[in-house]
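I have placed the structure first, in the form of structure tokens, so that the comments after it can refer back to it.
As the structure is a computational prediction, the values presented were derived from the model and not from experiment.
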Amino acid sequence: MNQALLPPQMQPRKAVEYELPLDAGAPGTCSTRHAWARVPPEPSQAERAELKQRIRGLLRARNAVMVSHFYVHPDLQDLAEETGGIVSDSLEMARFGRDHQARTLVVSGVRFMGETAKILSPEKTVLMPDLEATCSLDLGCPAAEFSAFCDQHPDRTVVVYANTSAEVKARADWLVTSSCALEVVGALKAAGHKILWAPDRHLGGYIQQQTGADMLLWNGACIVHDEFKAFELEALKKEHPRARVLVHPESPADVVALADAVGSTSAILKAASEMPADEFIVATDSGMLHKLRQLLPHKRFIEAPTAGSSATCKSCAHCPWMAMNALADVARVLETGANQIHVPESLIPQARRPIDRMLDFTAALKARGQTAASALVPHLGAA
Ligand code: 13P
Ligand code: SF4
């Protein structure tokens with residue numbers, strides 16, 4: 001049988017470890033939990049060409065558009081762009097999906113991205129290549145525990161990262177992605193708010209350090225970025241003294257401290273194109289290298305090190321859940337209508353509120369050339 005067309009349940013599974021904070025009241029300790037990811041077979045050149053051709057036709061026939069993240073397979077990134085869709089960071093994926101007139105969105109990424117698309121466009125059909133593609137930040141922030149944590153701190157404004165379930169979003173005042181977290185928290189601080197932040201402890205710590213905001217942090221982590229190693233990065237910098245270092249802020253603080261630029265996937269892309277260097281060490285998921293090399297072929301991109309004495313099977317700098325997105329499944333879901341994202345109707349208004357705030361805030365920032373003060377932001381009241 002054609003390997004690339006194996007049904008998902010027949011594909012090999014890979015064990016993945018993630019951390020779950022033990023005590024929501026004082027989230028300082030973690031237990032190691034186990035999850036899994038599927039490993040889709042890599043199609044041959046001929047299979048790849050045939051699948052892409054089928055998908056192009058299906059997208060037209062179904063009035064559908066592809067919305068892909070920078071970390072998914074290059075085929076899914078290129079096909080999205082080539083067919084009028086988008087490849088981008090999680091913030092622009094949300095905005096594009098909301099604003100596009102297509103009746104069906106095919107979201108290649110991880111589950112929270114599909115859920116965000118559905119919350120913003122309940123009238124659209126949202127399909128994902130694999131509904132079990134999750135995220136360690138989402139897994140490490142269960143809604144009941146998180147809600148209990150919020151109940152213990154009613155004086156704090158709840159700011160959650162997009163990498164969370166719809167239930168967690170429904171408990172939040174604000175949603176952020178790494179593209180806008182600094183600006184949102186900075187504006188909230190200026191308006192006198194104390195923050196309850198979840199789930200990524202590294203991104204939260206970075207924002208706290210940059211803004212000086214009073215932030216209580218949930219203790220989650222991204223299993224991919226958590227693996228970058230400062231000691232080995234310093235050694236790599238010595239081997240490439242002209243290279244500039246680009247770091248996603250989900251990385252540990254000692255890795256961020258070595259960066260020449262820190263930011264979201266799209267900020268990394270911008271920094272690489274604007275910085276007058278021709279060599280870069282990149283500390284984010286290796287899926288990002290495709291777009292960097294495609295847009296900047298005259299520059300050299302080197303993966304930041306994850307190996308070292310404590311390296312594990314997680315240390316490959318590629319998200320096991322992003323890797324679950326496969327061309328064959330895009331074709332299958334478009335053909336069959338399988339893998340629809342459903343978010344309970346009762347949850348949508350509450351979960352949508354913090355997402356709308358983020359999208360309005362970032363639209364205002366853009367319109368005002370990144371100089372918005374809290375007074376310019378419609379949803380931002382004083383504490
Ligand atoms: P961005 O918001 O930068 O696209 O990142 C999403 C993500 O999952 C990072 O690991
Ligand atoms: Fe989640 Fe990290 Fe994968 Fe992004 S790279 S989806 S934060 S586990």
Atom CD of Gln53 and atom CD1 of Ile55: how far apart are they, to the nearest 0.5 Å? 10.0 Å
I need the full list of ring-ring contact (aromatic ring centres under 6.0 Å, His included) pairs touching residues 99-137, with sequence neighbours left out, sorted by first then second residue. Phe96-His100
Arg244 CZ to Asp260 CG distance, which is reported to the nearest 0.5 Å: 5.0 Å
Donor-acceptor pair, Lys189 side chain versus Gln208 backbone, under 3.5 Å? no
With Ser264 as reference, evaluate Ser179, Ser90, Ser88 under the side chain to side chain donor-acceptor pair (under 3.5 Å) test and give the passing residue. Ser179
For the backbone of His225 and the side chain of Glu250, can you confirm whether one donor and one acceptor N or O come within less than 3.5 Å of each other? no
Is any side-chain heavy atom of Leu327 closer than 4.5 Å to a side-chain heavy atom of His73? no
Can you classify the ring geometry of Phe280 versus Phe301 as parallel (below 30°), tilted (30 to 60°) or perpendicular (above 60°)? parallel
All heavy atoms of Lys299 vs all of Ala277, minimum pair found to be NZ-O, 3.2 Å
Run the side chain to side chain donor-acceptor pair (under 3.5 Å) test on Ser251 and Tyr206 for me, step by step, so that the C-alpha distance in whole Å, both residues' side-chain angles and the decisive distance to 0.1 Å come before the verdict. CA-CA 9 Å; Ser251 308; Tyr206 171 70; over 6 Å; no
Looking at Trp321 and Gly109, would you say the former's side chain and the latter's main chain have a donor-acceptor pair under 3.5 Å? no
Check side chain to side chain donor-acceptor pair (under 3.5 Å) between Thr134 and all other residues, then give those that pass, not counting sequence neighbours. none
SB check Lys169 Glu115 (cutoff 4.0 Å): no
Salt bridge present between Glu234 and Lys238 (N-O < 4.0 angstrom): no
Do Phe231 and Val247 sit in the same hydrophobic cluster, where Ile, Leu, Val, Met, Phe, Trp and Tyr count as joined when their side-chain heavy atoms come under 4.5 Å apart? no
Nearest 0.5 Å, what's the CG-CD1 distance between Leu216 and Ile195? 10.5 Å
Does any N or O in the side chain of Lys52 come within less than 3.5 Å of the main-chain N or O of Leu76, such that one atom is a donor and the other an acceptor? no
Residue pair Arg332, Leu334: steps toward the side-chain contact (heavy atoms from CB on, under 4.5 Å) verdict: CA-CA 5 Å; Arg332 184 174 60 84; Leu334 276 165; over 6 Å; no
How long is the span from the CE atom in Met288 to the OG1 atom in Thr265, to the nearest 0.5 Å? 5.5 Å
Is a side-chain donor or acceptor of Ser136 paired with a backbone partner of Ala221 at a separation under 3.5 angstrom? yes
Any heavy-atom pair between the side chains of Val65 and Leu105 that's under 4.5 Å? yes
Ala166 to Leu347 - nearest heavy-atom pair and separation: CB-CD2, 3.8 Å
Under 3.5 Å, is there a donor-acceptor pair between the side chain of Arg353 and the main chain of Ala172? yes
Stepwise side-chain contact (heavy atoms from CB on, under 4.5 Å) test for Asp155 and Lys194: CA-CA 7 Å; Asp155 56 325; Lys194 292 197 294 178; 2.8 Å; yes
Would you check if Val330 and Ser108 make a side-chain contact, meaning some heavy-atom pair closer than 4.5 Å? yes
Indicate if Met275 and Leu296 have the same hydrophobic cluster label, given that clusters are the connected sets of ILVMFWY residues with side-chain heavy-atom separations under 4.5 angstrom. yes
In terms of hydrophobic clustering (I, L, V, M, F, W, Y; side-chain heavy atoms under 4.5 Å; direct or indirect links), are Val16 and Trp36 co-clustered? yes
Between Lys229 and Glu227 (salt bridge meaning N to carboxylate O under 4.0 Å), is one present in this structure? yes
Electrostatic pair Glu92-Arg95, nearest N-O below 4.0 angstrom: yes
Look at the rings of Phe149 and Trp218 and say which category their plane angle falls in: under 30° parallel, 30 to 60° tilted, over 60° perpendicular. tilted
Minimum-distance pair of heavy atoms, taken over all atoms of Val168 and Ala143: CG2-CA, 3.8 Å
Mind checking the CG-CG spacing from Asp89 to Leu269? Nearest 0.5 Å is all I need. 9.5 Å
Test side-chain contact (heavy atoms from CB on, under 4.5 Å) on Asp173 and Arg357 and set out the steps. CA-CA 9 Å; Asp173 299 303; Arg357 284 181 171 168; 3.8 Å; yes
Taking the side chain as every heavy atom from C-beta outward, state whether Asp226 and Tyr18 have any pair of such atoms under 4.5 Å apart. no
Ser121 vs Val126, test: side-chain contact (heavy atoms from CB on, under 4.5 Å). Steps then yes/no. CA-CA 9 Å; Ser121 307; Val126 179; 5.7 Å; no
Where is the tightest heavy-atom contact between Ile341 and Gly114, given as atom of each residue plus distance? CG2-O, 3.8 Å
Main-chain N/O of His248 paired with Thr284 side-chain donor or acceptor, under 3.5 Å: no
Do the non-hydrogen side-chain atoms of Val176 and Trp197 ever get within less than 4.5 Å of each other? yes
Compare all side-chain heavy atoms of Val185 with those of Trp174 and state whether any distance is below 4.5 angstrom. no
hydrophobic_cluster_shared for Leu295 and Val72, side chain cutoff 4.5 Å: yes
Do NZ/NE/NH1/NH2 and the carboxylate oxygens of Asp138 and Arg111 come within less than 4.0 Å? no
Please report the shortest heavy-atom distance between Arg201 and Cys30, naming the atom on each side. NH1-SG, 4.5 Å
Hey, could you give me each pair passing salt bridge (Lys or Arg N to Asp or Glu O under 4.0 Å) that has a residue in residues 285-298? Not counting sequence neighbours. Glu81-Lys291
What pair of heavy atoms forms the shortest contact from Gln152 to Pro154, and how long is it? C-CD, 3.4 Å
Rounded to the nearest 0.5 Å, what separates atom CD1 in Ile281 from atom CG in Leu258? 9.5 Å
Would you say CZ of Arg103 has more than 12 non-hydrogen atoms from neighbouring residues, nucleotides or ligands within 6.0 angstrom? no
Could you tell me whether Glu132 and Arg13 have a side-chain N and a carboxylate O separated by less than 4.0 Å? no
Is any side-chain heavy atom of His318 closer than 4.5 Å to one of Pro320? no
Would you say that Asp278 contacts His298 through its side chain, given a criterion of any heavy-atom pair below 4.5 Å between the two side chains? no
